[in-house]
Amino acid sequence: MERTKPSLDVAKIKKDFPIMERKIHGKPLCYLDSAATSQKPRQVIEAVSEFYSNYNANVHRAIYELGEDATRGYEGAREKIAHFINARSSSEIVFTRGTTESINIVAYGWGIKGKLGKGDEIVSTVMEHHSNHIPWFFVQDYKGVKLSWIDIDDEGYLKMEDLDRLVTERTKMVAVTQCSNVLGTINPIKEIAKKAHEVNALCLVDAAQSVPHFPVDVQNLDCDLLAFSGHKMLGPTGIGVLYGKEKVLEEMEPMLGGGEMIREVHLGRATWNDVPWKFEGGTPDPAGAVGLGAAIDYLSSLGMQNVRKHEIELNAYGLEMLGKIKGIRILGPMDPKKRGGLIAFTIPEAHPHDIAAILDAEGIAIRSGHNCAQPLMERCGIPATARASFYVYNSPEDIDRLIKGLKKVQEVFA
Amino acid sequence: MERTKPSLDVAKIKKDFPIMERKIHGKPLCYLDSAATSQKPRQVIEAVSEFYSNYNANVHRAIYELGEDATRGYEGAREKIAHFINARSSSEIVFTRGTTESINIVAYGWGIKGKLGKGDEIVSTVMEHHSNHIPWFFVQDYKGVKLSWIDIDDEGYLKMEDLDRLVTERTKMVAVTQCSNVLGTINPIKEIAKKAHEVNALCLVDAAQSVPHFPVDVQNLDCDLLAFSGHKMLGPTGIGVLYGKEKVLEEMEPMLGGGEMIREVHLGRATWNDVPWKFEGGTPDPAGAVGLGAAIDYLSSLGMQNVRKHEIELNAYGLEMLGKIKGIRILGPMDPKKRGGLIAFTIPEAHPHDIAAILDAEGIAIRSGHNCAQPLMERCGIPATARASFYVYNSPEDIDRLIKGLKKVQEVFA
Amino acid sequence: MAYEMYQEQILDHYKHPRNRGEMPDADLQARDYNPLCGDDLTIYLKTDEKGTITDVKFTGQGCAISQSSASMLTMMLKGKNISEAKGIDPDRIVKMLGIPLSAVRLKCALLSLQVLKKALFSKELSQAETMKE
Amino acid sequence: MAYEMYQEQILDHYKHPRNRGEMPDADLQARDYNPLCGDDLTIYLKTDEKGTITDVKFTGQGCAISQSSASMLTMMLKGKNISEAKGIDPDRIVKMLGIPLSAVRLKCALLSLQVLKKALFSKELSQAETMKE
Ligand SMILES: Cc1ncc(COP(=O)(O)O)c(C=O)c1O
Ligand SMILES: Cc1ncc(COP(=O)(O)O)c(C=O)c1O
């Protein structure tokens with residue numbers, strides 16, 4: 001098969017990732033687990049080191065040059081993020097530890113500490129990651145609100161008739177993932193947000209698997225809140241983002257109490273700082289922010305459209321090649337354009353754990369397990385899957401190695 | 001004055017800190033703001049880079065070599081921390097984002113989600129950092145418990161008669177700092193914990209300014225919970241620790257809901273993972289943990305007893321030299337052995353902001369402002385202070401530069 | 001490491017599990033679950049009045065390591081006394097499997113022992129609970 | 001940068017603030033606070049029926065920049081019309097001070113303008129609030 005000119009120059013990109021030189025059991029690393037966490041380019045690693053080596057200081061309050069440099073780095077990263085997802089202003093960008101903390105901030109600040117009560121409802125979907133389930137279970141348990149979940153059809157798409165049925169005048173929040181980390185399904189957020197707004201509900205988007213992989217425009221989606229993690233988009237571990245429309249953020253209570261997030265404190269009472277700092281209790285993580293800023297620079301230089309095209313190409317090739325394996329079950333949409341860059345599957349011979357273990361011996365890293373989506377596993381009637389996921393440093397050769405590796409698995413378990 | 005052999009070889013230590021080569025307004029950096037955040041040695045910066053370059057992967061769930069290496073790094077750091085503060089086992093060590101998040105985890109998991117109610121009381125002190133105030137304000141606001149605060153005497157020591165008066169059968173928690181970030185006062189935690197236990201209350205220690213600066217033994221203190229931040233002890237930003245006795249942690253509810261912290265999840269209900277992971281919702285920050293582990297190795301190689309001695313020496317010299325400035329007001333105990341390595345002060349001529357600005361022109365970085373302790377400022381009747389704080393890379397020469405710098409301030413504002 | 005893990009004995013027990021099946025009239029039984037990978041195991045025991053294990057069965061699903069470990073452990077149990085069975089320690093299981101195990105896979109390997117212990121101590125537990133009430 | 005900041009004019013206004021003091025019968029007044037550094041400022045205004053500012057005073061505490069900025073701003077206000085005063089923008093204050101300002105110090109410098117605006121719009125606000133009720 002002749003392939004057209006690829007969207008990304010993977011050979012060149014790979015050279016930016018020091019870890020790609022590592023050998024696993026004597027074989028070159030074939031990393032197919034970016035949906036769990038991505039690898040980091042030199043540019044990001046160096047941005048973090050450079051922060052510590054040149055301008056590490058406490059941000060915001062320091063009246064000295066180091067502190068001003070650190071603040072510029074931190075707030076500059078916030079600007080970059082705002083621009084990257086097309087927020088109206090950087091005050092809509094809250095730094096968090098990751099998607100999970102972002103969603104919890106909403107569950108506490110809007111949910112548990114908010115005006116919700118019995119009779120109110122929150123709508124989500126069966127395909128959510130635990131991070132977009134458990135925080136709402138908390139709200140249910142502490143406020144007595146009712147949760148319901150949009151189901152999926154056999155292909156792994158959301159049943160849109162469920163959206164119409166479940167989103168009613170009682171609905172106060174629709175919390176949904178933009179891209180499933182198991183099915184790969186990309187959901188029609190714009191339509192879902194519109195539906196939520198028709199009943200004056202908010203729409204929160206779990207963008208952990210979308211912002212890293214394709215262009216996301218929060219104004220175009222018109223979602224109210226959106227959460228993602230730096231570590232899945234070439235950035236450092238321990239940093240993430242909560243985007244929120246300014247008005248929505250302003251009406252939320254803070255989750256974490258401490259330094260940075262206050263205006264005035266007296267014994268027993270306090271007032272809060274302006275958004276977004278109101279939500280950033282405690283000393284911030286400027287090294288993480290600066291690293292995430294460098295990751296965004298890197299992705300922007302590749303072009304998010306190209307990243308997306310590249311992953312569609314890998315999807316197409318991956319679905320084609322995996323599809324040839326006898327008895328394989330591939331989860332989610334079979335149209336490579338309708339899914340994020342990941343493919344979860346099972347084969348009859350071996351448990352996903354054993355698949356992963358044998359692939360590891362071949363230098364190939366894939367995920368196995370419930371992928372932090374037990375309710376979805378239950379829905380699909382399988383305890384676990386194997387999952388290969390793609391990013392900017394993957395090429396069709398990685399898929400060829402995966403297929404060869406799966407042959408080995410079949411041999412061992414024959 | 002002849003000085004005895006110093007406890008630390010500062011000239012040698014300084015070489016480990018790349019930022020010390022930086023010039024500020026053409027002058028060598030004199031960094032006296034470590035109580036806000038410490039600088040990082042090469043060993044820590046490289047441990048973080050090496051994580052990303054060699055074994056970055058998702059921890060715990062990955063069935064491949066990279067993931068196992070990352071897990072070893074992450075859990076290995078937990079072991080190091082347990083050993084450093086003499087915890088009984090590493091399952092008493094929860095990774096958090098910092099002191100602030102650690103205390104909030106307790107305020108939510110033990111307080112807001114716990115069994116507290118009207119009639120219950122929480123005792124704290126007037127010298128707390130906002131991070132050990134606001135979380136308890138939340139508990140007050142959501143559970144109707146009463147807060148009270150132990151006062152200080154004129155020298156900046158806790159009034160121990162207040163402890164006796166305020167801690168009663170109604171008291172459920174005594175939350176106190178081990179070392180004030182403004183007064184420097186080191187509090188008698190062992191005695192306070194004992195008093196708390198007499199009435200079956202828990203004792204939480206804010207160790208943000210103690211664990212970095214002197215040996216802390218949680219078993220000897222017999223505190224129930226203890227919080228500190230990595231960034232103040234040579235470690236990366238964005239990582240911290242909550243220590244808790246296993247039984248205490250087991251009885252607490254988790255604050256963050258998401259991946260990692262669950263055992264089984266079904267639609268609408270879930271069960272939690274074992275401690276400490278129950279409190280670590282979301283993808284962890286292994287790079288931060290590994291960096292903190294490297295910081296602990298570094299501090300251990302110096303010896304925490306030596307770090308402490310070194311800071312007492314700097315305290316003694318600093319108090320002596322600053323004491324000569326006309327009209328200066330130094331906050332806190334005047335005995336260098338009774339305070340942490342920091343000195344907050346005001347001078348009549350200039351506002352702390354203006355002091356910091358002019359010192360900056362001389363290459364000297366100090367803190368100015370309310371130091372995140374507004375209730376204490378209010379108690380002391382001053383809106384702000386200037387604060388110089390010391391760490392392993394500071395020498396008496398830094399204090400000489402500070403004194404010279406303050407002369408300049410007096411000249412400008414003469 | 002992987003290939004050393006999937007030795008003939010392991011694969012044989014995985015593909016042809018011994019003592020697999022339910023036991024509706026079990027004297028002791030317990031279930032546990034490995035939240036990290038979804039391995040799920042139930043063990044059923046029949047004992048006589050002397051405390052000898054007369055029959056043992058298991059059900060569940062999981063990877064080759066957890067399932068073969070369950071199969072091999074159940075084989076070992078028949079005819080053993082309960083107190084003897086209580087004394088089986090993790091090392092014994094590791095030796096029984098005879099393969100190299102990483103930390104994560106060790107959890108798979110030891111799930112069967114964990115469930116066995118739960119079953120063996122379940123009687124005392126429920127007695128203790130009854131007494132408390 | 002620091003030494004350029006503490007020019008004679010600034011220091012003069014800091015040490016000898018103009019219009020410093022309370023005004024118990026003010027027509028308009030407001031207070032604000034800079035949470036980052038503790039600068040605290042109140043501005044009082046007297047106006048006549050034509051909306052001309054006839055007197056102005058300030059109280060508070062803070063650094064040389066925030067206090068001299070307040071002193072200089074109040075000097076500029078006397079005789080100005082309210083609507084004119086409402087039009088004063090941050091650039092004007094920066095020019096008035098004539099010194100280099102970092103982002104943090106800019107907040108100190110602009111506190112006085114922020115408080116002035118709050119005072120000027122306070123009437124409309126309270127009127128609007130009265131109308132709402
Ligand atoms: C005494 C004390 N407690 C708590 C904190 C809060 O620590 P962090 O901001 O790292 O969460 C600090 C420092 O900021 C402190 O000095
Ligand atoms: C769809 C989705 N949502 C949320 C998360 C949680 O992100 P984090 O663990 O970085 O908080 C993940 C990944 O773990 C994910 O794939």
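A, B, ... follow the sequence lines: proteins, then strands. Residue 1 opens every chain. Reckoned from all heavy atoms, side chains included, excluding hydrogens, waters and symmetry mates. The shown structure was predicted, so the numbers you read here are calculated from the model rather than taken from an experiment.
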Exercise. Pick from B:Asn58, B:Thr100, B:Leu267: which one has the most heavy-atom pairs with chain A under 4.5 Å?
Worked result: B:Leu267
Problem set entry | A:Lys40 to B:Phe51 six-membered ring, cation-pi geometry met (6.0 Å, 45°) | no
Problem set entry | Residue part contacting chain B, namely of A:Ile262, when any heavy atom lies under 4.5 Å | side chain
Problem set entry | Candidate pair B:Ser53 and A:Ile19, rule side-chain contact (heavy atoms from CB on, under 4.5 Å), full reasoning | CA-CA 5 Å; B:Ser53 303; A:Ile19 207 167; 5.8 Å; no
Exercise. When only pairs under 4.5 Å are counted, which of A:Phe138, A:Phe17, A:Tyr31 shares the most heavy-atom pairs with chain B?
Worked result: A:Phe138
Seminar exercise, completed: Shortest non-hydrogen pair, A:Ser131 vs B:Gly259, comes out as OG-N, 3.5 Å
For this session: Please say whether more than 12 non-hydrogen atoms of neighbouring residues, nucleotides or ligands are located less than 6.0 Å from NZ in B:Lys27.
Result: yes
Exercise. Can you tell which of A:Glu378, A:Glu21, A:His129 has the highest number of heavy-atom pairs within less than 4.5 Å of chain B?
Worked result: A:Glu378
Exercise. Between A:Thr283, A:Thr237, A:Leu256, which residue shows the highest count of heavy-atom pairs closer than 4.5 Å to chain B?
Worked result: A:Thr237
Problem set entry | Portion of B:Ser38 that has a non-hydrogen atom of chain A nearer than 4.5 angstrom | backbone
Problem set entry | Winner by heavy-atom pair count (cut-off under 4.5 Å) against chain A, out of B:Gly98, B:Pro18, B:Gly369, B:Ser229 | B:Pro18
Exercise. Between A:Leu29, A:Leu147, A:Asn54, A:Ile112, which has the largest tally of heavy atom pairs under 4.5 Å with chain B?
Worked result: A:Asn54
Problem set entry | pair B:Trp272-A:Ile134: side-chain heavy atoms closer than 4.5 Å | yes
Exercise. Is the shortest heavy-atom distance from the side chain of B:Val265 to the side chain of A:Phe137 under 4.5 Å?
Worked result: yes
Problem set entry | Spacing of A:Glu280 atom CD and B:Arg97 atom CZ [to the nearest 0.5 Å] | 8.0 Å
Problem set entry | Test: A:Asp69 and B:Arg22 ion pair at under 4.0 Å | yes
Problem set entry | Taking every non-hydrogen atom, the tightest pair across B:Ser49 and A:Ser49 | OG-OG, 3.0 Å
For this session: Among the options B:Glu46, B:His231, B:Glu253, B:His133, pick out the one with the most heavy-atom pairs lying under 4.5 Å from chain A.
Result: B:His231
Problem set entry | Interchain contact, A:Met255 with chain B, by part (heavy-atom threshold 4.5 Å) | both
Problem set entry | Heavy-atom proximity to chain B below 4.5 Å, by part of A:Arg269 | backbone
For this session: Decide yes or no for A:His130 and B:Met261: does some side-chain heavy atom of the first lie under 4.5 Å from some side-chain heavy atom of the second?
Result: no
Seminar exercise, completed: Residue set satisfying side-chain contact (heavy atoms from CB on, under 4.5 Å) with A:Ala107, at least two apart, ordered chain then number -> A:Pro135, A:Trp136, A:Val139
For this session: Could you have a look at B:Met377, B:Gln140, B:His370, B:Arg379 and say which one has the most heavy-atom pairs with chain A under 4.5 angstrom?
Result: B:Gln140
For this session: Go through the steps for B:His266 and A:Gln374 under the test side-chain hydrogen bond (donor to acceptor under 3.5 Å, both in side chains), then give the verdict.
Result: CA-CA 7 Å; B:His266 305 278; A:Gln374 290 181 10; 5.7 Å; no
Exercise. Looking at A:Asn56, A:Leu66, A:Ile45, which has the largest count of heavy-atom pairs under 4.5 Å with chain B?
Worked result: A:Asn56
Exercise. Who among B:Ile105, B:Ile239, B:Asn104 has the most heavy-atom pairs with chain A under 4.5 Å?
Worked result: B:Asn104
Problem set entry | Pairwise side-chain contact, B:Asp33 with A:Tyr64, heavy-atom cut-off 4.5 Å (strictly under) | yes
Exercise. Can you name the closest pair of heavy atoms from B:Glu65 and A:His25 and give their distance?
Worked result: OE1-CE1, 3.0 Å
Exercise. So which of A:Pro284, A:Gly240, A:Pro236 has the largest heavy-atom pair count under 4.5 angstrom toward chain B?
Worked result: A:Pro236
Exercise. Under a 4.5 Å cut-off applied to non-hydrogen side-chain atoms, are B:Tyr52 and A:Gln39 in contact?
Worked result: no
For this session: Determine which residues belonging to residues 352-360 of chain B lie within contact range of chain A, meaning some heavy atom pair is under 4.5 Å apart, and list them by number or answer 'none'.
Result: B:His353, B:Ala356, B:Ala357, B:Asp360
Exercise. Any idea which of B:Gly257, B:Ala57, B:Ala287 has the most non-hydrogen atom pairs under 4.5 angstrom with chain A?
Worked result: B:Gly257
Exercise. Is the shortest heavy-atom distance from the side chain of B:Lys113 to the side chain of A:Asp141 under 4.5 Å?
Worked result: no
For this session: Kindly write out the residues that satisfy side-chain contact (heavy atoms from CB on, under 4.5 Å) with A:Ala208, not counting sequence neighbours, or none if the list is empty.
Result: A:Thr99, A:Asp206, A:Lys232
Seminar exercise, completed: Those residues at least two apart in sequence (or on a different chain) that pass salt bridge (Lys or Arg N to Asp or Glu O under 4.0 Å) with A:Glu128 are none
